[in-house]
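To start, the structure itself, in structure tokens.
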There are 2 protein chains.
Amino acid sequence: MATPVMALVETADPARSQSEEAYLRIRERIVSLDMRPGSVVNEGRLREELKIGRTPIREALQRLARENLVRSIPHRGTFVTDVNITDLARITEVRVVLEAHAARLAAERLSGADRKCFTDLLQVLEHGPSVDQRELMRLDQQIHRQIYIAARNPFLESTLERYFNLSLRLWYLVLDRDVSLREALEEHMELLRAILAGDQDRAEQSMRRHVTGFEREIRKVLVER
Amino acid sequence: MATPVMALVETADPARSQSEEAYLRIRERIVSLDMRPGSVVNEGRLREELKIGRTPIREALQRLARENLVRSIPHRGTFVTDVNITDLARITEVRVVLEAHAARLAAERLSGADRKCFTDLLQVLEHGPSVDQRELMRLDQQIHRQIYIAARNPFLESTLERYFNLSLRLWYLVLDRDVSLREALEEHMELLRAILAGDQDRAEQSMRRHVTGFEREIRKVLVER
DNA sequence: CCGACCAATATGCGAGCGATATACCGCGGG
DNA sequence: CCCGCGGTATATCGCTCGCATATTGGTCGG
């Protein structure tokens with residue numbers, strides 16, 4: 001099945017610098033587990049694979065290190081950050097409060113354009129979207145990002161973007177397991193309805209449930225490994 | 001006048017890289033308003049003043065740009081980020097929820113070593129510390145940082161550290177104005193007592209009041225300019 | 001007066017050099 | 001014979017330096 005939504009992410013902005021290019025491509029690889037957690041990051045290899053010089057790669061890795069996606073040890077090497085239950089808990093701890101607050105703000109500050117986006121997304125959800133997990137992941141991503149935008153707070157947006165990528169990698173980890181997504185869908189619809197209704201408390205609570213529910217699902221799969 | 005506490009910041013860790021060194025020193029300059037908001041950042045000048053090469057400076061500026069302390073426009077120049085009421089509101093919006101949650105976690109996870117730090121800080125507060133604003137700023141900084149540590153969440157800690165620096169610059173802006181610090185002191189004591197008592201709800205609420213109160217004070221001075 | 005070209009400036013990127021920490025290997029002691 | 005230790009080899013990294021490039025502001029010509 002074709003995934004038209006995919007294009008949104010794959011389309012590259014040609015005007016971005018090589019540093020940015022390197023950062024985005026390496027991040028994509030790490031988040032999608034194309035580069036395994038714990039594995040070494042070979043700078044020379046990346047250089048030839050991405051056809052990019054050393055400086056941009058280095059800058060990208062520094063940026064990824066600050067975002068906790070890689071860990072650099074001087075004169076020893078750079079490694080993809082390992083995943084563990086503790087980090088999952090710590091990340092979720094922050095995400096719960098931030099995402100919930102973003103949802104509240106989105107409900108409070110909803111503008112016309114945002115309203116249209118959310119109604120569109122809600123329609124997709126109500127028409128029973130594909131059961132393909134990757135498609136659902138994209139959808140979830142769109143919903144969250146739209147909420148960040150609707151919250152009208154650039155600081156919050158960039159911080160949440162960072163945490164979302166960390167969480168996204170965890171989701172990729174459990175992709176082929178049977179995680180219950182039925183209730184996640186319900187949560188999403190409830191969340192969107194609350195935002196569209198301008199009900200701040202309900203939006204906040206819905207998001208809180210959604211993120212904690214997400215953590216519970218990931219945790220279940222993570223502990224049995 | 002002598003500020004003995006100042007030495008805490010000036011003492012440099014010799015083992016840190018030049019990038020780190022440049023980052024910290026430039027950040028200090030920006031936060032303390034030694035480099036004025038809106039002014040251009042001259043790379044060559046920094047290079048000779050800090051006696052540091054071009055690459056470390058560049059890396060430091062990139063990092064500062066991601067933290068919203070400078071803004072880089074390709075082939076045009078780098079500028080110290082301007083301050084305005086909108087940003088103050090946006091930053092506070094995030095800080096309120098994060099700091100409050102950190103206070104809650106600190107109250108929940110308080111360990112022996114942390115307890116000692118907090119009691120020491122509380123004692124300083126109760127003995128009526130200096131009325132020197134810079135001294136009080138240092139104290140406030142210590143309290144917040146200690147809470148970040150006590151929250152036992154490295155992700156939360158680094159995120160809050162970033163937002164704290166943004167706020168700190170705003171504080172510097174109003175340094176020589178007559179901001180009421182009496183109630184800030186009361187807030188601090190109440191906050192520390194709540195944490196030491198392990199009262200999560202009270203700690204969270206105290207911190208919430210403290211941060212919103214901080215914003216109100218800054219705002220008052222900021223609007224009358 | 002307006003438009004286009006040109007010099008100046010600042011950045012993006014690439015390659016290399018010296019430094020440093022690790023790993024391996026051979027040697028000596030137990 | 002095994003274990004520990006020291007020296008050398010190697011790989012990676014941080015940093016310096018130089019070239020290519022893009023944007024700006026001013027100036028010259030129409």
Side-chain angles (χ1 to χ4, degrees), chain A residues 11-30 34-82 158, chain B residues 11-30 34-82 158:
Chain A
T11 44
D13 179 4
R16 63 191 179 191
S17 69
Q18 296 192 58
S19 282
E20 185 79 6
E21 175 81 19
Y23 165 74
L24 289 174
R25 292 179 64 179
I26 299 174
R27 190 187 74 179
E28 178 67 22
R29 286 193 182 193
I30 294 175
D34 185 31
M35 293 169 75
R36 291 271 185 87
S39 64
V40 299
V41 179
N42 194 309
E43 182 188 298
R45 195 184 202 138
L46 282 175
R47 240 176 56 188
E48 67 177 17
E49 283 183 14
L50 302 183
K51 298 265 185 11
I52 283 180
R54 191 174 142 184
T55 304
I57 299 274
R58 179 179 152 78
E59 287 173 355
L61 290 180
Q62 284 185 348
R63 198 167 155 191
L64 291 166
R66 250 169 265 121
E67 295 180 3
N68 269 92
L69 281 172
V70 305
R71 182 172 193 81
S72 238
I73 303 173
H75 300 288
R76 290 222 15 194
T78 302
F79 308 86
V80 179
T81 308
D82 226 328
S158 75
Chain B
T11 46
D13 180 5
R16 62 191 180 190
S17 69
Q18 295 189 62
S19 281
E20 185 80 4
E21 175 82 17
Y23 165 75
L24 288 174
R25 290 179 65 178
I26 299 174
R27 191 186 73 180
E28 179 66 22
R29 286 192 181 193
I30 294 176
D34 184 32
M35 294 170 75
R36 292 272 184 85
S39 64
V40 299
V41 179
N42 194 310
E43 183 188 297
R45 196 184 201 137
L46 283 175
R47 236 175 58 187
E48 67 177 16
E49 282 182 15
L50 302 184
K51 297 266 187 6
I52 283 180
R54 195 173 130 180
T55 303
I57 300 272
R58 178 180 153 81
E59 287 172 357
L61 290 179
Q62 284 186 348
R63 199 166 153 191
L64 291 166
R66 248 168 269 122
E67 295 180 2
N68 269 92
L69 281 172
V70 305
R71 182 171 190 82
S72 239
I73 303 173
H75 301 288
R76 290 218 16 195
T78 303
F79 309 86
V80 179
T81 308
D82 227 328
S158 75

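Nothing here was measured: the structure is a model prediction, and the numbers come from that model.
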> Going 5' to 3' on DNA chain D, which nucleotide is the first and which the last to come under 4.0 Å of a heavy atom in chain B?
Replying inline: D:dC15 to D:dT24

Partner residues of [X] under the salt bridge (charged side-chain N to carboxylate O under 4.0 Å, His left out) criterion, sequence neighbours left out:
X: A:Glu20; result: A:Arg63
X: A:Glu43; result: A:Arg54
X: A:Arg27; result: none

Who pairs with [X] by side-chain contact (heavy atoms from CB on, under 4.5 Å), at least two apart in sequence or on another chain?
X: B:Arg71; result: none
X: B:Arg25; result: B:Glu21, B:Leu50
X: A:Glu59; result: A:Ser19, A:Thr55, B:Arg58, B:Gln62
X: B:Ser39; result: B:Arg36, B:Val80

> For DNA chain D, which residues in residues 38-46 of chain B have a heavy atom at a distance below 4.0 Å?
Replying inline: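 Here the set is empty: none.
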
>> Among residues 47-58 of chain A, which ones have heavy-atom contacts with DNA chain D below 4.0 Å?
In response: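 A:Arg54, A:Arg58 - these, ordered by number, are the residues of the stretch whose heavy atoms sit under 4.0 Å from the strand.
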
>> With a strict under 4.0 Å distance from non-hydrogen atoms of chain A, what nucleotide opens and what nucleotide closes the contacted stretch of DNA chain C, reading 5' to 3'?
In response: C:dC13 to C:dT22

Would you give the length of the straight line joining atom [atom1] of [X] to atom [atom2] of [Y], rounded to the nearest 0.5 angstrom?
X: A:Arg45; Y: A:Arg47; atom1: CZ; atom2: CZ; value: 14.0 Å
X: A:Leu69; Y: A:Arg29; atom1: CG; atom2: CZ; value: 14.5 Å
X: B:Gln18; Y: B:Ile52; atom1: CD; atom2: CD1; value: 5.5 Å

> For B:Phe79 and B:Val40, which heavy atoms make the closest approach, and how far apart are they?
Replying inline: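 What the structure gives for the nearest pair is CE2-CG1, 3.3 Å.
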
> For B:Pro37 and B:Asp82, which heavy atoms make the closest approach, and how far apart are they?
Replying inline: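 Residues B:Pro37 and B:Asp82, closest heavy atoms: CB-OD1, 3.9 Å.
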
>> Strictly distance-based, threshold 3.5 Å: is any side-chain N or O of B:Thr81 a donor or acceptor partner for the main-chain N or O of B:Asn68?
In response: yes

>> Going by side-chain contact (heavy atoms from CB on, under 4.5 Å), B:Thr78 matches just one of B:Asn42, B:Leu64, B:Val70, B:Ile73. Which one?
In response: B:Val70

> Which of residues 65-81 of chain A have a heavy atom under 4.0 Å from DNA chain C?
Replying inline: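 Listed by number, they are A:His75, A:Arg76.
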
>> Assess whether a salt bridge exists between A:Glu67 and B:Arg66, defined as any Lys/Arg side-chain N lying under 4.0 Å from an Asp/Glu carboxylate O.
In response: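 B:Arg66 and A:Glu67: not salt-bridged.
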
